[in-house]
Each structure stands twice: as structure tokens, then as C-alpha cells.
Amino acid sequence: IIKDEQQQQLPYPLSNEPSVSQHFRTYGDEEDVKVMIAAKHFLEGELRSVKDRLLRVDAELDEVKHALVATKDGMEAKAALAAAGGGGSGGSFFGGGANNG
């Protein structure tokens with residue numbers, strides 16, 4: 001039985017034999033194109049989603065940067081006030097006492 005199957009030549013796919021036509025009659029690109037279009041729509045949706053997330057993260061990053069700048073400015077202002085207030089009043093108090101005494 002195996003020798004008979006090996007010796008049979010397979011028909012050329014473009015032949016008009018009924019067995020070949022039966023297997024190849026339903027082939028077409030329509031389903032492949034539909035699948036590719038569905039994949040394209042899915043990827044476009046994912047791309048929009050990622051872009052939206054990136055825009056939100058960028059906006060949050062700007063907020064954090066502004067908060068850091070405000071905190072840094074506030075700390076520098078406090079340090080400047082402490083240096084001016086503590087050094088100026090201490091210097092005048094001790095300086096005035098040393099000159100008078």
C-alpha cells in the first residue's frame with residue numbers, strides 16, 4: 001500500500017481535476033485582508049493609548065518639576081532669611097556690645 005502511494009504523482013495545483021479543485025476552490029485573500037485590517041485597527045488603538053499615557057506622564061513630569069522648583073526656591077528663601085536675620089542681628093548685637101564695652 002505504501003509503495004502505491006509513493007508512486008502516484010500528485011496533480012499540479014492548477015489542474016482541473018475535481019479533487020484538486022475541491023481543495024483550492026475556497027482559497028482567497030479576502031480573509032487574510034480582513035485579519036490584517038483588524039490587526040491594523042487594534043494596533044492603531046494601542047498606539048493611541050500609549051500616546052495618551054505618554055502625554056499624561058509628560059504633564060505629570062512638568063508638575064513635579066514645577067513643584068521641585070517651588071520647593072527649592074522656598075528653601076533658598078528660608079536659608080537666605082535665616083542667614084540674613086541670624087547673622088545680621090547677631091553681628092549687630094555683638095558688634096555693638098564690643099564697640100561700646
Side-chain angles (χ1 to χ4, degrees):
I1 298 173
I2 295 174
K3 288 181 183 179
D4 289 337
E5 289 178 2
Q6 289 176 351
Q7 290 175 357
Q8 269 185 334
Q9 289 184 349
L10 295 175
Y12 188 74
L14 298 179
S15 73
N16 292 327
E17 291 186 29
S19 63
V20 175
S21 299
Q22 179 183 1
H23 292 289
F24 287 97
R25 66 187 163 102
T26 58
Y27 178 76
D29 292 336
E30 184 177 353
E31 290 300 317
D32 293 337
V33 171
K34 286 180 181 179
V35 169
M36 289 174 26
I37 289 172
K40 178 185 174 196
H41 290 304
F42 172 76
L43 290 175
E44 286 172 346
E46 289 295 309
L47 183 61
R48 275 192 303 272
S49 174
V50 169
K51 284 181 180 180
D52 290 342
R53 283 187 279 169
L54 285 173
L55 288 173
R56 278 187 268 137
V57 167
D58 193 41
E60 289 176 13
L61 181 62
D62 284 342
E63 290 176 13
V64 169
K65 284 181 181 179
H66 290 300
L68 285 173
V69 168
T71 303
K72 182 181 173 186
D73 290 345
M75 291 177 71
E76 288 174 352
K78 284 183 182 180
L81 286 174
S89 63
S92 65
F93 175 75
F94 291 111
N99 288 337
N100 289 335

Q. What residues, two or more places apart in sequence or in another chain, satisfy salt bridge (charged side-chain N to carboxylate O under 4.0 Å, His left out) together with Glu76?
A.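 By the salt bridge (charged side-chain N to carboxylate O under 4.0 Å, His left out) rule, Glu76 matches no residue at all.
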(Q) So, using salt bridge (charged side-chain N to carboxylate O under 4.0 Å, His left out) as the criterion, who are the partners of Lys51 when residues are at least two apart? (A) none
Under a single-linkage rule joining Ile, Leu, Val, Met, Phe, Trp and Tyr whose side-chain heavy atoms are separated by less than 4.5 Å, which residues share a cluster with [X]?
{"X": "Val33", "value": "Ile37"}
{"X": "Leu47", "value": "none"}
{"X": "Leu68", "value": "Val64"}

Can you list everything that forms a side chain to side chain contact (heavy atoms under 4.5 Å, CB included) with [X]? Sequence neighbours excluded, please.
{"X": "Leu55", "value": "none"}
{"X": "Val50", "value": "Arg53, Leu54"}
{"X": "Glu44", "value": "Lys40, His41, Arg48"}

Q. How long is the span from the CG atom in Asp73 to the NZ atom in Lys78, to the nearest 0.5 Å?
A. 12.5 Å
Q) Short question: side chain of Thr71, backbone of Ala67 - any donor-acceptor pair under 3.5 Å? A) yes
(Q) For Lys34, give me all partners under side-chain hydrogen bond (donor to acceptor under 3.5 Å, both in side chains), at least two apart in sequence or on another chain. (A)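 By the side-chain hydrogen bond (donor to acceptor under 3.5 Å, both in side chains) rule, Lys34 matches Glu30.
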